Amino acid sequence: MRKVTIFGSTGSIGENTVDLIARAPADYDVVALTGGRNVARLAQQAISLKADLAVTAYDDCYEDLKAALSGTGVEVASGTAAIAEAADRRADLFMSAIVGAAGLVPGVRALKHGTTLALANKESLVTAGPHLMGEAARNGATILPVDSEHSAVFQALVGEDISAVERVIITASGGAFRDWPLEDLASATIEQASSHPNWDMGQRITIDSASMFNKAMELIETKEFFGFSPSQIETIVHPESLIHALVGFNDGALMAHIGPHDMRHAIGYALNWPNRSHLPVERLDLAKISSLNFIAADEARYPALRIAKDVMDTGGLSGAAFNAAKEAALDAFIAGEVGFLDMASLVEDVLSRLHGEFGLGCDTVTLDKVLETDHVARQYTRELVQQTAAR
Ligand code: NAD
Ligand code: MG
């Protein structure tokens, strides 16, 4: 039996992880589950998976969670510190599936125990890639990618010499607005941005897919996790989203990973790694699919891709600033304070202000510096949002 903890078990990735674990109860011993305000679902999961501990991120949800779990023997806790403390309970694998920068600290804490971190929380690598990878190396811990593109690259690299890689191509669906006239993007609504053509995901990542901020994050994630140089990392729009990524080698071969739109594929690969095991995902019927399409990614439509290149070139703390500004800009878009295209302008303005004031490309990326940069970037974004909203 493998001991498993899931950070963010009530989210989209969390639920898919719970689904796979629930199908093989004899293989897993669930240590802790963490969630947010959906305490009813968190309690249900904790009962059905026989978890030792359930933690809600919010102190004002503690009483409800406690009531829902009374008499079950499941321990209950609340708050950000309690989530991080759950990382100190021994587990063989931690699933990092909290959304946003809040996922960073629990994951880093788990790495200190030399364990395996299955990483869906891309913000961890974007904000603190050098620190995260350094912590894993220092503690003999393993990080397994769960983002579908990175799982695809990871799988294409099995048995290969990484120095023979010439390039990596990350595919993008193009999001909800791929075929919209450019002039209509400024007036795109939250509802329109919240529907994805292919994948069923949490609201934040779905909007990030429409703006391509999600892909921008994934390019940075690719650089940080695999250590490729920015010039080796490409994006292509692939409307069917069936090829998740391709790896190009120095002999011209391109290895593509093709699979259904089902995150249980990448999650299951991480749960079973280094083996493979049966997964309940659709088997593709290639004759029915019949064709796959590719379109060059247009930086005029997707300014986030251009910003990602700058962030990769600068390195250091620019990823932390980029992510925090992006999260705060997304909050403002969801709150109806700014328009869809304002998000990219806000992020660019915050990055240039921070460059001017601190210079972001420092060599040592510590957790404290990341958290400080995150804080300042959010504050600057809020100031700019207020100015934008006042115009
Ligand atoms: P989601 O919004 O569906 O779920 C997020 C989870 O995190 C929930 O359990 C929620 O309660 C918890 N949470 C939210 N804010 C929190 C906070 N401040 N502190 C503690 N817990 C908090 O998100 P998701 O779509 O499952 O995405 C999770 C992560 O996986 C993100 O980093 C996302 O980019 C990444 N990812 C998601 C998908 C996908 O298909 N959904 C694919 C690839 C990568
Ligand atoms: Mg992805």
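When a ligand or atom number is given, it counts from 1 through the structure's own listing order. Keep in mind it's a predicted model, so treat the numbers as computed, not measured.
At a 4.0 Å heavy-atom cut-off, ligand 1 touches Met263 through the side chain alone. For Ile83, every heavy-atom contact with ligand 1 shorter than 4.0 Å involves the side chain, none the backbone.
Distance from atom 34 (O) of ligand 1 to its nearest protein heavy atom, with residue and atom name: Lys122 CE, 3.1 Å. Nearest non-hydrogen protein atom to atom 11 (O) of ligand 1 is Gly36 N, 2.8 Å. Closest to atom 12 (C) of ligand 1, if we only count protein heavy atoms, is Gly8 CA, 4.3 Å. In this structure, atom 33 (C) of ligand 1 lies nearest to the protein heavy atom Ile205 CD1, 3.9 Å. Of the protein's non-hydrogen atoms, the one nearest atom 2 (O) of ligand 1 is Val99 CG1, 3.8 Å. For atom 15 (N) of ligand 1, the closest heavy atom belonging to the protein is Tyr58 OH, 4.1 Å. Among protein heavy atoms, atom 25 (O) of ligand 1 sits closest to Gly202 N, 3.2 Å.
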*asked:* side chain to side chain contact (heavy atoms under 4.5 Å, CB included) for Glu218 and His150? Distances and angles first, verdict last.
replied: CA-CA 8 Å; Glu218 291 180 355; His150 306 81; 3.5 Å; yes

*When you look at Phe333 and Ile190, which way does the side chain to side chain contact (heavy atoms under 4.5 Å, CB included) test go after all the steps?*
CA-CA 7 Å; Phe333 176 66; Ile190 302 154; 4.0 Å; yes

*Before giving the answer on side chain to side chain contact (heavy atoms under 4.5 Å, CB included), spell out for Ile170 and Val168 the whole-Å C-alpha distance, their side-chain angles and the decisive distance to 0.1 Å.*
CA-CA 6 Å; Ile170 302 292; Val168 172; 3.9 Å; yes

*Are Leu119 and Ser124 close enough, and set up right, to give a side chain to side chain contact (heavy atoms under 4.5 Å, CB included), and what steps lead you there?*
CA-CA 8 Å; Leu119 191 66; Ser124 293; 4.0 Å; yes

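Ionic pairing of Lys122 and Glu224 is not present here: no N-O contact between side-chain nitrogen and carboxylate oxygen is shorter than 4.0 angstrom. The pair Asp52-Lys3 does not count as a salt bridge, with every side-chain nitrogen at least 4.0 angstrom from each carboxylate oxygen. A salt bridge links Arg353 to Glu383: one of the charged nitrogens lies within less than 4.0 Å of a carboxylate oxygen.
For atom 22 (C) of ligand 1, the nearest non-hydrogen atom from the set Ile98, Val55, Ile267 comes from Ile98. Considering only non-hydrogen atoms, atom 30 (O) of ligand 1 lies nearest to Ala120 out of Gly35, Ala120, Ser124.
In plain terms, the two heavy atoms of Ile6 and Gly14 that are nearest each other are CG2-CA, 4.3 Å. Contact record, Glu327 with Ala101: OE2-N, 2.8 Å, taken as the closest heavy-atom pair.
Side-chain atoms of Glu123 come within 3.5 Å of backbone atoms of Gly100 as a donor-acceptor pair (strictly under, hydrogens ignored). No donor-acceptor pair closer than 3.5 Å links the side chain of Thr127 to the backbone N or O of Ala320. Listed for the Thr34 side chain is a donor-acceptor partner under 3.5 Å among the backbone atoms of Gly8. Side chain of Thr115 to main chain of Ala91: a donor-acceptor pair is present (N/O by atom type, distance under 3.5 Å, no hydrogens or angles).
Of all atoms in ligand 1, numbered sequentially from 1 with element shown, those under 4.0 Å from a heavy atom of Met201 are 39 (C), 40 (O), 41 (N). Atoms of ligand 1 lying under 4.0 Å from at least one heavy atom of Asp147, given by number and element, are 43 (C), 44 (C). Per-residue contacts place Thr10 under 4.0 angstrom from the following atoms of ligand 1 (heavy atoms of the residue considered): 8 (C), 9 (O), 11 (O). The distance from ligand 1 to the heavy atoms of Ala102 drops below 4.0 Å at these ligand atoms: 17 (C), 18 (N), 19 (N). Counting atoms of ligand 1 from 1 in the listed order, those under 4.0 Å from a heavy atom of Ala97 are 5 (C), 6 (C), 7 (O), 28 (C).
For the pair Arg276 and Tyr269, the cation does not sit on the ring face, since its NZ or CZ is not both under 6.0 Å from the ring centre and inside 45° of the axis.
Ligand 1 lies out of reach of Arg204, whose nearest heavy atom is not under 4.0 Å from it. Taking 4.0 Å as the cut-off, Gly103 does not count as a neighbour of ligand 1 on heavy-atom distance.
Within 6.0 Å of CE on Met133 lie more than 12 heavy atoms contributed by other residues, nucleotides or ligands. Heavy-atom neighbours of Asp313 CG from other residues, nucleotides or ligands within 6.0 Å: above the threshold of 12.
Between Ser12 and ligand 1, at least one pair of N/O atoms sits closer than 3.5 Å. Residue-to-ligand polar distances keep Ala57 apart from ligand 1: every N/O pair is separated by 3.5 Å or more. Below 3.5 Å of separation, one finds an N or O of Ile13 facing an N or O of ligand 1. For the pair Glu123 and ligand 1, the shortest N or O to N or O distance falls below 3.5 Å. Considering both main-chain and side-chain atoms, Gly11 comes within under 3.5 Å of ligand 1 through a nitrogen or oxygen pair.
When each of Asp27, Leu93, Asp29, Val30 is paired with Arg2, the side chain to side chain contact (heavy atoms under 4.5 Å, CB included) condition holds for Leu93 and for no other.
Listed by chain and number, the protein atoms of type N/O/S under 2.8 Å from the Mg ion (ligand 2) are Asp147 OD1, Glu149 OE1, Glu218 OE2; waters are omitted.
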